[in-house]
Amino acid sequence: MWKIVTDATPQLLSAGFKYTIPIAIISFIIGLILALITALVRLSSKKGFFIIIKGIFRFYVWLFRSTPLLVQLFIVYFGLPYLTIKGVFPHGIKLSPWTAGIITFSLNTGAYCSETIRAAILSIPNGQWEAAYSIGMTRSQILKRIILPQALRVSLPPLSNSFIGLVKDTSLAASITIVEMFEVSQQITAENYQPLLMYSLVALYYALFCTVLTWVQGYLEKSTSKYITPAR
Amino acid sequence: MWKIVTDATPQLLSAGFKYTIPIAIISFIIGLILALITALVRLSSKKGFFIIIKGIFRFYVWLFRSTPLLVQLFIVYFGLPYLTIKGVFPHGIKLSPWTAGIITFSLNTGAYCSETIRAAILSIPNGQWEAAYSIGMTRSQILKRIILPQALRVSLPPLSNSFIGLVKDTSLAASITIVEMFEVSQQITAENYQPLLMYSLVALYYALFCTVLTWVQGYLEKSTSKYITPAR
Amino acid sequence: GSNSSDKGGSSYKSELTESGKLTIGLEGTYAPYSYRKDGKLTGFEVDLGKAIAKKLDVKANFVPTKWDSLIAGLGSNKFDVVLNNVTVTNERKKSYAFASPYIFTQYVLVTKSSDKNIKNLKDIKGKKFAEGTGTNNEDVAKKYGAKTIPSDQFVNSVNMIRQGRVQGTVNALDAWNSYAKSQSTKGLKARAIPASEEPFAQVSPMLNKDSTKLKAKVSDAIKDLRKDGTLAKISKKYFGKDVTMENN
Amino acid sequence: MLKLTKLNKTFDGTHVLKEITTEFPENKTTVIVGPSGSGKSTLLRSLNFLERPESGIYDFEGMQIDFSKPLTNKTILDIRKRTEMVFQSYNLFPHLTVVKNVMEGPTQVLGLSKADAKAEALELLDKVGLKEKADVYPAQLSGGQAQRVAIARSLAMHPEYIFLDEPTSALDPELELEVLKVLMKIAEEQQSMIIVTHNLAFARKVADKIIFVEDGNILYDGDVNQFFNSDNERIQSFVNAMTFNDIS
Amino acid sequence: MLKLTKLNKTFDGTHVLKEITTEFPENKTTVIVGPSGSGKSTLLRSLNFLERPESGIYDFEGMQIDFSKPLTNKTILDIRKRTEMVFQSYNLFPHLTVVKNVMEGPTQVLGLSKADAKAEALELLDKVGLKEKADVYPAQLSGGQAQRVAIARSLAMHPEYIFLDEPTSALDPELELEVLKVLMKIAEEQQSMIIVTHNLAFARKVADKIIFVEDGNILYDGDVNQFFNSDNERIQSFVNAMTFNDIS
Ligand SMILES: Nc1ncnc2c1ncn2[C@@H]1O[C@H](COP(=O)(O)OP(=O)(O)OP(=O)(O)O)[C@@H](O)[C@H]1O
Ligand SMILES: Nc1ncnc2c1ncn2[C@@H]1O[C@H](COP(=O)(O)OP(=O)(O)OP(=O)(O)O)[C@@H](O)[C@H]1O
Ligand SMILES: [Mg+2]
Ligand SMILES: [Mg+2]
């Protein structure tokens, strides 16, 4: 059994560092930016033409929250090649597995996290907006300097939930032919017929990475809460 | 193509109503209760022996957040039968797929949601605790009547994220032999060789259910926010 | 009942996970072996499972699940037998028991029809091939030096060839034939690999190593089914020909 | 009678209450005055365990509490039930309507029926001039209105002692007067009260005893008239400040 | 000069400002008084667009704003830069230290360098007696301290008009006096100010003009001495209330 572990470890870790971790980190960063934009658009009280833009973002969030990630990956990777647009994409949109994966994971993360960020922004008392408005700050200045720093504190645990979830969801990338860590564990299982052992082993490596993330979360929670008197 | 849709629909919906929806709803309810208990234990400032209990809950959250859900399902269903405890489980813990599924999904949801609830409770100003304490309310009364109703408002969007995520994660139940909606779609694909169409169809049914959930979320958000003056 | 297993009596029944039932694990997502039609699980292996169960005088209970779960489930006694187009290999024999074979599978090499470079298995060296993880198809592709890309369904492998994402796939000829029966194969070509180039794969029921009596019983049942023509009959029904004979 | 002996409280190393020894007689009104940041709120909050002093003895009607030892929940709950706090910053429950804010304690802690609690709550809201706001949420109240609800909420508990931390600082003179009249009436009914206030005119009228705190020390503790006629320079300048004679 | 003509504001159907017509002269101090809930805060907040009246004309130093028409962001931002609001409930930024609270406007809106902004912030904190609290977070301040920081924060913007909503209601008389002295000094420097206050003694000293609001209507608008010597019964009873002569 020990031999299986030592044989599998380098293969698993190499897949982890080559695919799982980069995909998770890149997608999360893009997803967060997307989520922030989405939350701000949806919270905006602008009227007129902007209503349509808000509608588009609403639809985006609905679409990516409501459908399975696996299907999203599938459609982006296998479905878009059928989408031929004359002049622009005469042969359909053919994305590499990497591109398709990053796009889909980012869009998915963006949809979920936008809800978290929206809730966090709403939780900041109105008085903060008013005080900042009366100093003469613009909406974007207020967001950047007053509201978001406070909202970050509230949204850290759910955002970290999303990140940790994403790390595990990268295993779906196998369905678009990316041989990430989980797929490697299945390939090894196919040889050694020890699924329980291999699954436990790969779970351990996920856990290691997620533990690091939990530490980062804890550190950020502390450092964004230093202005708060302790709750009981 | 239309025929494929009309042929597949009753099969998909029957699997959805028999497995996907019940598993998601039951697991989410149990998971929420678990999450609440976990958040409260972790936020408690009790000392002494209680530290150990807090440690156990910390470990639980870490374990279920850090490892892939698929592995958790696998170990509960296929792994526990190996766990023979003399006298208690002489033949190992052999759970039915349903039991294993509900247990695992609940534990997983509980771990994630406990973080959300913990953050929401922390976001309620201290003054609320103090005012309630000085009325002479006990900690549990304060939680039930003062803090949690306010925390609910903050945590609704991330909790709904978790619920909607869970609905889609039920597709993993196929790996413990539950033929839920997604697995049915794959079985049908094996015959009609139309994965894109079948995936889109099953995504549609997930979307329908999740849309209902989004409505419920919107309704709850409104009804828990009626005491708030509108933010800008 | 059959004469050849009378010495064991019905003691194999104590090896069943659920008494009175032969619990059969399969994927249910691989036509024509097992798949869903009109809401019901069907396919060659489903009919075979029912026939074996009848010989064993128990009810057949089909449990569809994922490939890894099939392996894990045998280990933790969730199934009695796996009927999932499992090919016998020396590696697999170390961990599991195999009853006597019920299919001899010829391989097929599928590529784009415009592809002039790949004519036989020797040409696939260094090429990208779509193969199911853990399948014997993957083993063969690897053996001939192809770079394998994971693909969990046959139809996805075909689509990847069409979209130029891979050069081809090594697969079961029967899976290809079944596909070709209902779908257009325009732009694709398939070459059946003769036994001289790559021996046919033996497909057998896979069992837990501890189920020795059951294994013997299942082997007997298959032999009986072969003898009484049932095997050939269900093969014709699903494959249009008899694939159950060596060198069919 | 509440007695404090050698009470000490620090915040992150800053000593904000220094060896405080004093008493608060029952059925009397004790007023605490002093500059901002002198520790008045901290002193008052300690009586209700909202702050935990590091050392000192607290004698609550004969019950001895040693702050240097761990406190039981029972003790804390018991004393909190028998006392009531009105905050500088109202701390109304935002998710409950005004009348429900007032009913919360009576129904949840005293076990009154909803009907009884509501009847009394409406009476008390009437007393503070807010009967017509019974069904709105706190967010819709002006500052003055919110503070009056907070006072009504505390009165609903019929506490042995009421602690008030600048109860009228957000009220305009007219309504302050009305509330002060209510408080005076309660004082006349021999309700024990401890009030932190900056309104020396009110303090002079209502106080049976006055405590002057500065920088965590008690500088004066005793008779009201003597305080206002004190020839202590510090007290004189503090008392004079409120008349705004110094505004150039 | 700020002028309001026929301003109307309703909250959910309640008419809280009724056809308000008045003016606020430049380089002068205008004081608004009135009972709780009369609409003083709403009136003041409308001048800064924190509330949007449904109708009325707002003349800001010759710039005409019609509330019944949509306002441009530019107009709002422009006027907000030239005015400053001090709130009843402080509204300090909890995640910034005290000195950073004061520096936020100068650095972000006026474009001062950090060093310059900090130097001035510390000066202003000194003015309100809080230099030593420069580096703590708002949560660690007592109520009085927090309000003084809020005043320093507004002074840092050198606004044309300062709007103060009960700026000293949480301060004890001594520190209120200090702050009032600061405000008087600014008033003497001909800073235009509009102050809502319940402190009539202060109003009398500082006001160049007084506005008495009741129930959304302006009952008095004009000279300060005439107000305090008015023979109008309503005004008399309001003015007398603050002396607490009525406390039995
Ligand atoms: N949670 C806290 N953490 C750190 N320091 C605190 C905390 N609360 C109060 N202090 C400090 O303790 C001192 C006393 O504060 P306290 O609130 O008791 O004053 P106060 O007399 O009530 O003032 P005010 O009249 O302004 O309300 C102040 O210097 C204050 O800065
Ligand atoms: N956001 C709101 N929604 C509904 N009603 C409101 C809102 N804000 C204020 N009001 C109501 O408008 C009226 C005027 O309120 P405002 O705060 O202007 O009074 P004020 O004169 O400042 O009182 P105070 O002296 O108590 O601060 C009050 O009756 C109040 O209940
Ligand atoms: Mg205080
Ligand atoms: Mg007001």
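Letters A, B, ... are given to chains in the order of the sequence lines, protein chains preceding strands, and every chain is numbered from 1.
Applying the salt bridge (Lys or Arg N to Asp or Glu O under 4.0 Å) test to residues at least two apart or on different chains, none of the pairs has a partner in residues 104-113 of chain A.
No other option in T138(A), T224(A), I146(A) has as many heavy-atom pairs under 4.5 Å with chain E as I146(A). When each of P94(E), S154(E), A156(E), A150(E) is checked for heavy-atom pairs under 4.5 Å with chain A, P94(E) comes out on top.
Figure legend: cation-pi geometry between R80(E) and Y133(A), with NZ or CZ positioned under 6.0 Å from the six-membered ring centre and within 45° of its axis. Judged by the 6.0 Å distance and 45° axis criteria, K9(E) is positioned over the aromatic ring of F11(E).
Residue contact with chain A, scored on non-hydrogen atoms closer than 4.5 Å, involves the side chain of M157(E) exclusively. Looking at R153(E), only its side chain comes within 4.5 Å of chain A, counting heavy atoms on both sides. When heavy atoms are compared at a cutoff of 4.5 Å, Q141(A) approaches chain E solely by way of its side chain, counted from C-beta outward. Neither the backbone nor the side chain of R153(A) comes within less than 4.5 Å of any heavy atom in chain E. Interface remark: L92(E) contributes backbone atoms only to the contact with chain A (heavy atom separation under 4.5 Å). Proximity to chain A (any heavy atom under 4.5 Å) is restricted, for F87(E), to the side chain, taken from C-beta onward.
Classified by interplanar angle (parallel below 30°, tilted 30° to 60°, perpendicular above 60°), the ring pair F60(E)/Y58(E) is perpendicular. Classified by interplanar angle (parallel below 30°, tilted 30° to 60°, perpendicular above 60°), the ring pair F209(A)/F163(A) is perpendicular.
Applying the 6.0 Å contact sphere to NZ of K100(E) captures no more than 12 heavy atoms from other residues, nucleotides or ligands.
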